[in-house]
Amino acid sequence: MKLTGSQAVIQSLIEEGTEYIFGYPGGAIMPVYDAMMDYEKQIKHILTRHEQGAVHAAQGYARATGKVGVCMATSGPGATNLITGIADAQIDSTPLVCITGQVTSPLLGTDAFQETDVVGISMPITKWNCLVTKPEDIPAAIAKAFYIARTGRPGPVLIDIAKNAQFGEFEYSYNKCTHIRSYVPKPRYKEEQIKKAAEAINTAKKPYVLFGQGVVLANAEAEFKAFIEKSGIPAAWTILGVAALPTSHPLNVGMLGMHGNYATNIKTNECDLLIAIGMRFDDRVTGDLKRYAKQATVIHMEIDPAEINKNVHAHIPVLGDLKETLPLLTARIDKKEHAQWLTEFKDLYKLEYDTVVKKDLYPEKEGLTVGEVIRIINERTNGNAIFVTDVGQHQMFASRYCKIESPRSFITSGGLGTMGFGLPSAFGAKMGVPEREVILFVGDGGFQMTIQELGTINQTEAPVKIVLLNNKFLGMVRQWQELFFDKRYSQTHMVNPNFIKIAEGYGIAGKKILNRPELADGIQQMLDHKGPYLLEVSIEKEDNVFPMVPTGASVTEIILEPAKK
């Protein structure tokens, strides 16, 4: 059939199973937006209020569903407004297809109105990108984009389409991409490496598993659980890996890293075997690399060869898809229990609970804490909600205390730490999984970075539940200023607007909680409300996140509480 380039864009997205396009129209992408009107029954477009909102919404959709998220913007500022979200998706391995309009081919390189070299700008932060100048190249470009975005280690791709290519007609056909020469998304595993790993596991006295989002991306949660339960090894997670194993599992010993659990950090430098599964040894996990797990033999199971030996030397690298390699490893290991080793983790957790956790979840002080808000929400949702966070102190509290019982239930900006991620991402997650409760934890700083997306929620009536934790400060920066800069609170205090009135202006119901007696009922009112809801909770200013590994310190130098002066 004969189609225009703009019609081919929409038809190709439909061929790839796209449900939603999150985007914002403009001159250079207008032909595609015009074509959308002929496909409204087959694909839905969600008009966000800013292009950054579009890309974060696509991220939330992708993370909640496991599908490829799609966003769209015009040329120039429209395209550059996607850049932060694309960078976020790249570092957090989120599959996205981003489509941007571009000026007509004859004007390329002339500094035309709203012309920007978005292919050049986005090259370092995409798995692949391209500029399309002919209509007949559109189907193949989109097919290739989806294949690259979703295979191997997922990530974002970008297709920049010149306006003349959107107008031109051609004989349309679509062939899904299943192979690209020189692109090997899934390296072949080596049996001898799996055998070596099994031997090391079978002889280890104090083995320790660190797992990350790679387990989730491989859809290998069941295979991972089988491995953990047969091996009997304590397992700790990175912030993006939390949903790979229920937090209630007896072998789940907690979170790694700067604001992770006390035991998980201390025991890193006491284990004799460190088994890293689908994680990349980020600096927030390792602390000082010169003093990180030097006593341990390291097994690293990973799909991306670039991650092997990048930060931590792997004595036994196991490349491959975890969906395939984990069962092969599980078949070779002995069934064991490491009861005494696990008890050591539990003993240190008791120390952490008495020193930190109890005060967070059941505070005796007058001011409200983030921990008690999360505790009550956990009690009311029974681990069945999808939790989304923005970035900051509330993010660390949520990752530490949210109860997660099923995969793809915790969505946050990990590697880039993008403030403003939370609100549009929560909306995107709700669009992708409408049958599940989606609860956003957001601070007053991050909320105001993408607050305009309340308009998107209003227009679509998506019932996102927003928990705004307001301490009138940029909380994480303020905590660092308190601990490391002699309480010199430079530019972190915020004079905030009336958030409830703003929500009302967008047609969204809300309530502000000022004291403890109102909290439980306020949370229940939010959960019972049929539409979107904003629950603002006034949090104590100096509600700090502990434990904490200071920057540049060893994981064994983790601080349980601030030094008394």
Side-chain angles (χ1 to χ4, degrees), residues 239 254-255 257-262 284 352-379 387-403 412 417 419 422 439-448 466-496 499 511-520 522-523 526 534-551 558-565:
I239 190 172
M255 185 170 84
M258 179 174 282
H259 290 291
N261 293 105
Y262 190 61
R284 285 293 172 104
E352 180 184 345
Y353 183 87
D354 292 339
T355 310
V356 179
V357 178
K358 188 176 180 181
K359 296 175 184 176
D360 284 344
L361 302 185
Y362 302 95
E364 296 179 355
K365 54 189 175 185
E366 184 178 338
L368 293 169
T369 67
V370 178
E372 66 181 312
V373 175
I374 295 170
R375 172 181 59 80
I376 295 169
I377 289 174
N378 280 333
E379 292 167 358
F387 295 112
V388 182
T389 85
D390 205 84
V391 170
Q393 283 180 314
H394 69 276
Q395 176 190 29
M396 296 298 107
F397 280 118
S399 58
R400 284 174 53 79
Y401 296 132
C402 282
K403 299 299 180 187
T412 194
M419 291 179 69
I439 298 173
L440 167 67
F441 296 109
V442 62
D444 46 312
F447 188 52
Q448 291 180 85
I466 304 161
V467 182
L468 171 59
L469 301 153
N470 185 359
N471 61 2
K472 299 178 182 176
F473 268 87
L474 298 175
M476 186 60 85
V477 182
R478 190 215 55 77
Q479 177 170 332
W480 281 54
Q481 288 172 333
E482 177 187 343
L483 298 176
F484 308 119
F485 292 88
D486 298 320
K487 295 190 176 183
R488 290 161 60 87
Y489 297 141
S490 175
Q491 305 303 315
T492 46
H493 175 251
M494 302 192 79
V495 177
N496 288 323
F499 291 115
K511 183 175 184 178
K512 185 171 183 176
I513 304 295
L514 295 170
N515 53 64
R516 190 161 287 118
E518 303 175 304
L519 183 59
I523 288 171
M526 174 189 73
L534 173 65
L535 184 72
E536 180 185 355
V537 184
S538 290
I539 297 298
E540 190 174 76
K541 179 184 78 173
E542 295 186 350
D543 183 18
N544 288 334
V545 188
F546 283 97
M548 181 178 185
V549 179
T551 301
I558 186 169
I559 302 167
L560 265 177
E561 55 186 343
K564 292 180 172 63
K565 294 182 179 179

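Just so it is clear, the model here is predicted, and its values are computed rather than measured.
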Taking all non-hydrogen atoms of both residues, which atom of L514 and which atom of S538 are closest, and how far apart? CD2-OG, 3.4 Å
Are the side chain of H259 and the backbone of P547 linked by a donor-acceptor contact shorter than 3.5 Å? yes
Set of side chain to side chain donor-acceptor pair (under 3.5 Å) partners for E518, sequence neighbours left out: none
With sequence neighbours excluded, tell me which residues meet salt bridge (charged side-chain N to carboxylate O under 4.0 Å, His left out) with R375. E379
Nearest 0.5 Å, what's the CG-NZ distance between L534 and K511? 12.5 Å
If the condition is ring pair (Phe, Tyr, Trp, His ring centres under 6.0 Å), which residues does F484 pass it with, not counting sequence neighbours? W480
Residues in ring pair (Phe, Tyr, Trp, His ring centres under 6.0 Å) with F447, at least two apart? F499
What is the minimum heavy-atom distance between L474 and M419, and which atoms define it? CD2-CE, 4.2 Å
Could you tell me which residues satisfy side chain to side chain donor-acceptor pair (under 3.5 Å) with N496, sequence neighbours excluded, listed by chain and number? D444, Q448, N470
How many angstroms lie between atom CZ of F441 and atom CG of L535, to the nearest 0.5 angstrom? 10.0 Å
Between R400 and V356, does the side-chain contact (heavy atoms from CB on, under 4.5 Å) criterion hold? Intermediate values first, please. CA-CA 12 Å; R400 284 174 53 79; V356 179; 4.2 Å; yes
With sequence neighbours left out, the residues meeting salt bridge (charged side-chain N to carboxylate O under 4.0 Å, His left out) with E542 are none
Between Q481 and S490, is there a donor-acceptor pair closer than 3.5 Å when you use the side chain of the first and the backbone of the second? yes
So CD of E561 and CG of N544: to nearest 0.5 Å the spacing works out to 12.0 Å
Taking side chain to side chain donor-acceptor pair (under 3.5 Å) as the test, write out the residues that go with T412, two or more places apart. T389, Q395
Can you give me the closest heavy-atom contact between G522 and I513, atom names plus distance? CA-CD1, 4.1 Å
For V357 and Y401, work out which heavy atoms get closest and say how close. CA-OH, 3.6 Å
If the condition is ring pair (Phe, Tyr, Trp, His ring centres under 6.0 Å), which residues does Y489 pass it with, not counting sequence neighbours? F473
For D543, check side chain to side chain donor-acceptor pair (under 3.5 Å) against everything at least two apart and list the hits. none
Would M396 and I239 count as a side-chain contact (heavy atoms from CB on, under 4.5 Å) if you check the C-alpha gap in whole Å, the side-chain angles of each, and the deciding distance to 0.1 Å? CA-CA 9 Å; M396 296 298 107; I239 190 172; 3.5 Å; yes
Please check if the side chain of N261 supplies one atom and the backbone of M255 the other of a donor-acceptor pair under 3.5 Å. yes
By side chain to side chain contact (heavy atoms under 4.5 Å, CB included) - contacts of V373 (at least two apart): I377, V467, L469, L519, I523, V537, I539
Please evaluate residues V549 and R284 with respect to the criterion side-chain contact (heavy atoms from CB on, under 4.5 Å), reporting the C-alpha separation (whole Å), side-chain torsions for both, the decisive distance (0.1 Å), and the verdict. CA-CA 9 Å; V549 179; R284 285 293 172 104; over 6 Å; no
Please report the shortest heavy-atom distance between G475 and N471, naming the atom on each side. CA-ND2, 3.8 Å
What distance do L440 atom CG and L468 atom CG have between them, rounded to the nearest 0.5 Å? 9.0 Å
Under the salt bridge (Lys or Arg N to Asp or Glu O under 4.0 Å) definition, can you give me all pairs with a residue in residues 468-481, not counting sequence neighbours? R478-E482
Please list all pairs meeting salt bridge (Lys or Arg N to Asp or Glu O under 4.0 Å) that have one or both residues in residues 363-374, counting only residues at least two apart or in different chains. K365-E540, E372-R516
Closest non-hydrogen contact found for D360 with F397 is OD2-CE2, 3.7 Å
